[in-house]
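A short write-up of the structure that comes next.
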Amino acid sequence: MNYHHYNPRQAALDSARTLLENAARAAMAAGALPQADLPAFIVEIPADVKNGDVASNLAMAGARAFRKAPRQIAEAVVGALDLTGSLFDRAEIAGPGFINLYLGTGWFTGVLQAACSEPEYGRTDAGAGKRYNVEFVSANPTGPMHMGNARGGALGDCLAACLDWAGYDVTREFYINDAGNQIQKFGKSLAIRYLQLFKGEEACPLPAECYQGADIVEHAKNFAAEQGDRYLDKDFEELCRAITDYALPKNIEGLQRDLGKYRIRYDVWFHESDLHRSGAVQAVVDKLLASGACYRDADGAILYRSAQYAGKYGVANRKKSADGTEEEAKDEVLVRANGIPTYFAADIAYHYNKLAVRGFDKAIDVWGADHHGHVARMKGAMDAVGLDGSRLDVVLMQMVNLMRDGKPVRMSKRTGKAITLTDLLDEVPIDSARFFFNQRESTSTLDFDLDLAVRNDSENPVYYVQYAHARICSLLKKLDAAGVAFEGPEAVDAALLTDPSEQALIRLLAAFPAEIAAAAEKYDPARITRFVIDLSTAFHRFYNACRILEAEGAVRQGRIALCLAVRGVIRNVLTMFKINAPESM
């Protein structure tokens with residue numbers, strides 16, 4: 001059998017639905033049920049498989065159509081079920097008419113054969129090649145990356161990996177905010193620091209609203225080392241432009257370097273400045289004006305009717321002011337009276353570029369939770385500009401608390417300042433960072449335990465998973481040294497693997513492709529982190545309960561297949577998330 005893109009759970013559900021539909025039609029043909037259109041009904045995998053591997057409410061859903069009691073309908077359908085050659089070996093009726101089907105050993109054997117023979121077992125084609133753009137981190141290039149960027153980097157990269165494995169065509173993107181107020185402030189800060197080197201701080205005080213970081217001073221010193229005092233007598237705006245052109249590319253290179261260290265590789269680094277330079281921002285403003293979504297006020301500024309469009313996505317026409325009282329939501333400025341576009345105008349143009357110009361089926365942005373108020377207005381703006389706002393999805397991410405000795409940590413031991421991404425990666429292994437940041441769903445605040453992240457024992461979850469992989473590699477080497485070879489997946493017979501720990505492992509292996517599909521659909525890569533921890537726990541339980549080298553014949557072959565399958569799935573998860581899968585520890 002070809003196990004490429006094989007999803008055992010989905011195969012069971014699809015098979016059950018077909019069998020039940022055929023049985024209902026057969027029951028109607030035999031007169032056991034009256035002729036009627038088949039109702040919409042559910043087939044699902046119940047939480048407790050003691051009550052069947054697949055359960056269906058067909059009988060209850062069909063009560064009105066067939067004008068019979070659900071129990072009678074269930075009896076008619078089960079009486080007409082033909083399970084010959086199917087994945088199931090029996091069906092039972094429970095309660096008022098639930099139909100429960102039980103998988104046969106052929107399905108369990110297929111799971112094991114697929115998982116130990118298909119190198120990328122877990123990949124499916126659920127996404128049907130739809131083009132998804134995942135934009136994440138997009139840190140301001142005027143300074144270092146913080147803990148939110150660290151979490152966003154791991155979350156965005158691992159979400160993109162889940163989407164890729166689920167069959168989507170994924171583009172990872174970083175949006176460089178290299179235009180607008182923050183860049184002007186960056187240039188002003190650099191220029192003043194440059195002038196201070198020659199004239200002193202008293203002669204050129206740095207305003208409080210400027211960037212105060214040591215990195216600004218360092219850039220100014222390096223610029224002065226190259227240029228000397230040649231800009232002392234230049235126009236201030238000319239100095240700002242020159243020193244920005246010098247420092248900004250270095251900051252962007254630093255972002256690329258630091259994210260590369262974090263094992264993040266982007267397909268696209270998109271510059272905001274390109275939108276302005278190409279006229280794309282003005283074009284989208286003109287489009288909004290033409291549609292009536294924008295208008296000019298008495299001063300000549302262009303305003304967007306935000307509340308009118310955002311309301312569809314949950315924003316009311318009223319909002320709370322700073323003092324807690326309600327006030328009417330105001331229309332938003334897209335172009336100031338001086339002709340300079342706002343950041344929001346560029347943001348609309350950027351998302352229009354993703355969805356309309358480059359034609360992505362979906363744009364997914366990973367934002368900090370403090371941007372929640374911006375979600376509805378961006379989705380509404382996509383409607384206003386002639387697109388479908390539902391094609392833009394935003395993953396909101398809660399904050400990170402760094403913990404040491406059970407207490408919050410806010411300052412770096414090395415620099416004495418707020419901990420940055422590079423500080424974190426200097427202190428904890430990258431494997432731990434990427435794993436820990438994906439342990440909880442994005443909507444939950446994350447406590448990152450710095451002490452736990454550096455431990456080399458089973459208390460550290462990434463170590464625990466890596467150890468399971470290494471343990472299997474070690475076991476397989478012992479089998480090889482003893483002259484015990486795996487005879488191939490065709491020789492596997494899951495009917496011989498009757499220990500509860502073996503059955504539990506096979507069921508978990510079967511769930512892997514469905515878990516990836518669900519993680520992609522729900523934008524929740526933490527599902528896969530939790531899954532691989534559960535799989536590792538199940539393997540350790542199996543290892544302690546079942547002898548492998550001492551087993552005989554087909555039982556030993558089946559257990560070797562289990563080891564190969566679990567090793568392959570753990571390796572696939574770790575590789576997906578760019579975490580090392582060591583063969584010895």
Side-chain angles (χ1 to χ4, degrees), residues 1-33 38-46 49-59 61-62 66 73-94 97-118 121-126 487-498 502-514 517 553-555 557-558 561-562 565:
M1 179 175 173
N2 180 6
Y3 290 113
H4 185 60
H5 289 166
Y6 181 52
N7 184 338
R9 281 195 165 193
Q10 194 59 51
L13 291 170
D14 292 344
S15 174
R17 180 172 292 278
T18 299
L19 288 166
L20 290 169
E21 288 175 349
N22 290 343
R25 292 190 182 98
M28 285 187 277
L33 289 176
L38 282 178
F41 65 94
I42 295 170
V43 291
E44 60 185 359
I45 296 173
V49 293
K50 291 178 182 176
N51 299 322
D53 295 301
V54 174
S56 177
N57 71 340
L58 169 60
F66 294 124
I73 297 170
E75 289 169 352
V77 170
V78 169
L81 263 178
D82 181 5
L83 300 180
T84 306
S86 76
L87 298 175
F88 301 92
D89 62 6
R90 75 182 197 277
E92 295 178 356
I93 302 169
F98 286 103
I99 301 173
N100 297 327
L101 295 98
Y102 292 80
L103 289 160
T105 56
W107 181 84
F108 288 88
T109 297
V111 171
L112 203 44
Q113 289 176 337
C116 73
S117 64
E118 180 62 37
Y121 173 71
R123 276 195 182 275
T124 69
D125 54 4
E487 295 172 5
E490 300 79 11
V492 173
D493 182 1
L496 302 174
L497 304 178
T498 57
E502 295 171 315
Q503 293 288 304
L505 260 187
I506 296 174
R507 289 185 184 280
L508 271 174
L509 290 166
F512 182 45
V555 172
Q557 287 296 310
L562 262 179

Output the distance between atom [atom1] ([X]) and atom [atom2] ([Y]), rounded to the nearest 0.5 Å.
X      : Y      : atom1 : atom2 : answer
Glu21  : Leu58  : CD    : CG    : 8.5 Å
Arg123 : Phe512 : CZ    : CZ    : 10.0 Å
Thr105 : Leu496 : OG1   : CG    : 9.0 Å
Ile93  : Phe98  : CD1   : CZ    : 12.5 Å
Asn100 : Asp53  : CG    : CG    : 9.5 Å
Gln10  : Ile45  : CD    : CD1   : 8.0 Å

Mark yes or no for whether [X], through its side chain, and [Y], through its backbone, hold a donor-acceptor pair below 3.5 Å.
X      : Y      : result
Trp107 : Phe88  : no
Gln503 : Leu497 : yes
Arg17  : Phe41  : yes
Gln557 : Glu487 : yes
Thr109 : Asp493 : no
Gln113 : Pro489 : yes
Ser56  : Ile42  : yes

Give every residue pair that meets the ring pair (Phe, Tyr, Trp, His ring centres under 6.0 Å) criterion with at least one member in residues 6-31, sequence neighbours excluded.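 Ring pair (Phe, Tyr, Trp, His ring centres under 6.0 Å) check on residues 6-31 returns Tyr3-Tyr6.
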Beyond-backbone contact of [X] with [Y], side-chain heavy atoms, under 4.5 angstrom:
X      : Y      : answer
Leu562 : Leu509 : yes
Leu101 : Leu20  : yes
Thr18  : Asp14  : no
Arg507 : Phe108 : yes

Return the minimal non-hydrogen interatomic distance between [X] and [Y], and the atom names on each side.
X      : Y      : answer
Arg9   : Ala510 : CG-O, 3.8 Å
Leu87  : Ala11  : CD1-O, 3.8 Å
Ala24  : Leu33  : O-CD1, 4.3 Å
Ala40  : Ala61  : O-CB, 3.4 Å
Pro8   : Pro513 : CD-CG, 3.8 Å
Leu103 : Ala12  : CD2-CB, 4.0 Å

*Take Asn22 and Asp82 through the test side chain to side chain contact (heavy atoms under 4.5 Å, CB included) and record every step on the way to the result.*
CA-CA 9 Å; Asn22 290 343; Asp82 181 5; over 6 Å; no
